[in-house]
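For this chain, numbers begin at 1 and follow the sequence in order.
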Amino acid sequence: MEPAHIGEPNQSPLGLRTRARRRGITVGPMTKWEYATVPLLVHATKQILDTWGEDGWELVQVVPGPNNPEQLVAYLKREKS
């Protein structure tokens, strides 16, 4: 059986799932995520991340803020319920 070509450019997840089904490949339910961006205070970074983590949020990345590179912004995700 041919793979679903997951690495092909410009392929939406929905399109890939449809092609996989046509080929008889079993595709499980797609995980849905919600995201949050959170400014981090340097003196309270751990406390901020721990608080969000207790609510089920997972840290994805920390980047410099768009207006001030010294202000860090955390990107978080959690599975939608």
Side-chain angles (χ1 to χ4, degrees):
M1 207 177 285
E2 227 175 284
H5 300 290
I6 297 211
E8 286 183 8
N10 302 321
Q11 292 292 319
S12 73
L14 181 58
L16 292 172
R17 291 173 62 82
T18 301
R19 285 180 37 205
R21 283 192 191 117
R22 284 185 196 144
R23 293 182 176 154
I25 299 170
T26 302
V27 179
M30 185 172 22
T31 303
K32 295 185 180 183
W33 302 96
E34 61 181 325
Y35 298 90
T37 54
V38 179
L40 295 176
L41 305 173
V42 176
H43 64 277
T45 301
K46 182 180 179 338
Q47 181 182 1
I48 293 167
L49 293 175
D50 283 348
T51 299
W52 282 81
E54 287 175 11
D55 289 335
W57 292 92
E58 178 182 352
L59 178 64
V60 176
Q61 185 173 15
V62 175
V63 298
N67 299 325
N68 178 1
E70 292 181 16
Q71 171 64 59
L72 298 177
V73 177
Y75 286 79
L76 305 143
K77 73 175 185 178
R78 72 177 172 188
E79 192 170 346
K80 278 189 172 183
S81 46

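- Residue Leu40 shares its hydrophobic cluster (ILVMFWY side chains chained together at separations under 4.5 Å) with Val38, Leu41, Ile48, Leu49, Trp52, Trp57, Leu59, Val62, Leu72, Leu76.
- Counting all heavy atoms, side chain and backbone alike, Pro64 lies closest to Pro69 at CB-O, 3.4 Å.
- Within the structure, side chain to side chain donor-acceptor pair (under 3.5 Å) pairs that include any residue of residues 66-77 do not occur (at least two apart or interchain).
- Applying the side chain to side chain donor-acceptor pair (under 3.5 Å) test to residues at least two apart or on different chains, the pairs with a partner in residues 31-50 are Glu34-Arg78, Lys46-Asp50.
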